[in-house]
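Here's the structure we're looking at; comments come further down.
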Amino acid sequence: MTFWLAGCAPFTENNLIEEISPITFLSISKGDNGKLKVSTILPSLSKKNKNVMSQEVSLLKEGVQKYNLNFYQEVKSGQMRMLLISDELAKEGIMSIINVILTDPDIPLRIYLVIVKGNFEKYLESQLDKDENFDYSFYRMLKHYDEKNQGELTVINLHQFKHLLYTPYSDPFLPVFKIQEDGVNYEGTALFQDDKLVETISSLDDRIFQLINNDHYLSVLPISELEVVLGHVRSKIIVDMDSSYSTMTYTVNIDTRIEEYRGEKQLFDPKELENMKKDIETHLEQQTHELFKKMQELKVDPLQLGVQTKRPFSKPMEEKKWIEMFEEMDIKIKYNINIDPLTDANSKR
């Protein structure tokens, strides 16, 4: 007697390096008729000629499947390092995309998430002839600022975004890069309300955001209105709320030094330096107040200020109620700047 047991064959995935093509990034944008446009470069890790591959699909995984049906090697996502999402798509919400990536055991949680403004696929096609390793260079730049904590730009990986998205009293944020004629340039930080992009902050607003929330450090802080550049800026934050949560005092203590000055003050004079310090404090207080006002109007809390409402032995406030209180809160900003005295640095050598 012979028995045939269908479905019990030991299928194993083919991971022979000669047979597969790992992808290092996916770019996702809006396609036609509500579809997703999923693009990448193949083969990504080979010296053979590279091509930009794009598919318009209804589901994200469908795009990877279509790559396999149109490429001589099987596409694998285990080496993926970046996920680039168009700003148009991000404004509609990216929860479904994030959840697909989170539930794929082959994709590491340390992949970088980036918002892109402009036609990234078109830029890739034009860039491959000039720099075929553009994707690797872009990844190395993100990794550098992630590991060295330079405080120059926002860098967020999938694990950090998931934490901000699903933790109470927090709204996520991501870096924004813009396609321009001279390349892909950092523009600022995208603020999200839940999973939807609601605002991009740039210029001095973004520098302040790095200083009070992200790395609490900036190597340089140019303030063009005062014709001064601060260097090696380190901040410490103190948050104080009253018992009714109607008023908050946000104090930013800064240690720094002046790197460059093109104004008319004689900064070697202690009185002039003190006046300069007060001018900087006033200017940063006004700019930071405007940034907070913007967050209140957008009803977003990327600074996780709602955590300050938690008290021992009491039920946490509902997040919706916190946002309503935050929107009406009177916020006072205070800067205390300690500037190193100006000296001739070369005289010490």
Side-chain angles (χ1 to χ4, degrees), residues 115 145 150-155 171-176 178 185-193 197-241 247-265 267 272-306 308 326-340:
I115 300 297
Y145 284 107
Q150 295 291 296
E152 295 300 310
L153 50 86
T154 297
V155 181
D171 286 301
F173 52 90
L174 288 176
V176 180
K178 188 174 183 179
N185 297 318
Y186 178 73
E187 180 167 279
T189 301
L191 304 180
F192 283 72
Q193 187 185 64
L197 191 161
V198 292
E199 181 75 14
T200 298
I201 55 174
S202 57
S203 304
L204 185 56
D205 281 351
D206 186 56
R207 312 295 291 173
I208 291 174
F209 185 77
Q210 305 300 326
L211 201 55
I212 64 176
N213 184 61
N214 205 14
D215 291 319
H216 299 278
Y217 174 78
L218 287 172
S219 57
V220 290
L221 174 58
I223 305 175
S224 56
E225 290 82 355
L226 301 177
E227 300 180 284
V228 67
V229 177
L230 302 180
H232 299 272
V233 191
R234 300 179 187 278
S235 68
K236 291 182 180 177
I237 309 299
I238 299 174
V239 181
D240 184 28
M241 289 186 191
T247 303
M248 176 176 69
T249 303
Y250 196 88
T251 305
V252 184
N253 295 311
I254 284 180
D255 290 315
T256 185
R257 69 187 189 197
I258 292 179
E259 295 275 334
E260 181 181 354
Y261 179 62
R262 304 191 68 180
E264 297 181 352
K265 286 187 171 64
L267 297 185
E272 293 274 54
L273 181 61
E274 185 65 20
N275 291 335
M276 187 73 217
K277 188 184 80 168
K278 290 180 180 177
D279 289 345
I280 295 171
E281 287 175 343
T282 301
H283 186 73
L284 291 178
E285 285 169 2
Q286 291 172 346
Q287 289 292 321
T288 307
H289 191 270
E290 289 299 315
L291 179 59
F292 271 79
K293 189 177 177 182
K294 190 179 294 181
M295 293 178 190
Q296 288 177 295
E297 291 172 353
L298 295 169
K299 301 180 182 179
V300 298
D301 183 11
L303 304 176
Q304 302 183 62
L305 297 168
Q308 303 291 329
F326 176 59
E327 188 182 4
E328 301 296 328
M329 187 173 279
D330 179 22
I331 298 177
K332 298 176 180 176
I333 308 295
K334 176 66 177 174
Y335 270 77
N336 297 315
I337 298 180
N338 176 38
I339 297 179
D340 289 344

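Since the structure is predicted, the reported quantities are computational estimates derived from the model, not experimental observations.
- Side-chain contact between Met241 and Met329 is present, with heavy atoms from C-beta onward closer than 4.5 Å.
- Met276 and Tyr261 make their closest contact through SD-CE1, 3.7 Å (heavy atoms, listed as atom of the first residue, atom of the second, distance).
- Between the side chain of Thr251 and the main chain of Lys334, no donor-acceptor pair closer than 3.5 Å is present.
- Here Asp171 does not pair with Lys299 in a salt bridge; the nearest charged N to carboxylate O distance is not below 4.0 Å.
- For the residue pair Ser202/Tyr186, the side-chain donor-acceptor check at 3.5 Å is not satisfied.
- Comment: Glu259 engages Arg257 in a salt bridge, judged by a side-chain N to carboxylate O separation of less than 4.0 angstrom.
- Residues Leu298 and Val198 approach most closely at CD2-O, 4.2 Å, considering heavy atoms.
- Side-chain N or O atoms of Glu281 include one that pairs as donor or acceptor with a backbone N or O of Ile337 at under 3.5 Å.
- Taking both residues in full, the closest heavy atoms of Lys294 and Ile201 are given as CD-CG2, 4.2 Å, listed atom of the first, atom of the second, then distance.
- Classification of Glu152 and Arg207 as a salt-bridged pair holds, one side-chain N sitting under 4.0 Å from a carboxylate O.
- Considering every non-hydrogen atom in both Ile254 and Ser235, the closest pair reads CG1-CB, 4.1 Å.
- For the residue pair Thr154 and Pro175, the shortest heavy atom distance occurs at O-CB, 3.0 Å.
- One finds a salt bridge joining Glu274 and Lys277 here, because a Lys/Arg side-chain nitrogen approaches an Asp/Glu carboxylate oxygen to under 4.0 Å.
- Using a cutoff of 4.0 Å between basic side-chain nitrogens and carboxylate oxygens, Asp255 and Lys236 are not scored as salt-bridged.
- Checking Thr200 against Glu187 by side-chain atom types alone, no donor-acceptor pair falls below 3.5 Å.
- Within a 6.0 Å radius of CD in Glu225, more than 12 heavy atoms belonging to other residues, nucleotides or ligands are found.
- For the residue pair Thr249 / Asp240, no side-chain donor-acceptor distance below 3.5 Å is found, with atom types taken as modelled.
- Contact detail for Ile237 and His216: the closest heavy-atom pair is CG1-CE1, 3.7 Å.
- In summary, the side chains of Tyr335 and His283 do not present any donor paired with an acceptor at a separation below 3.5 Å, with no hydrogens or angles considered.
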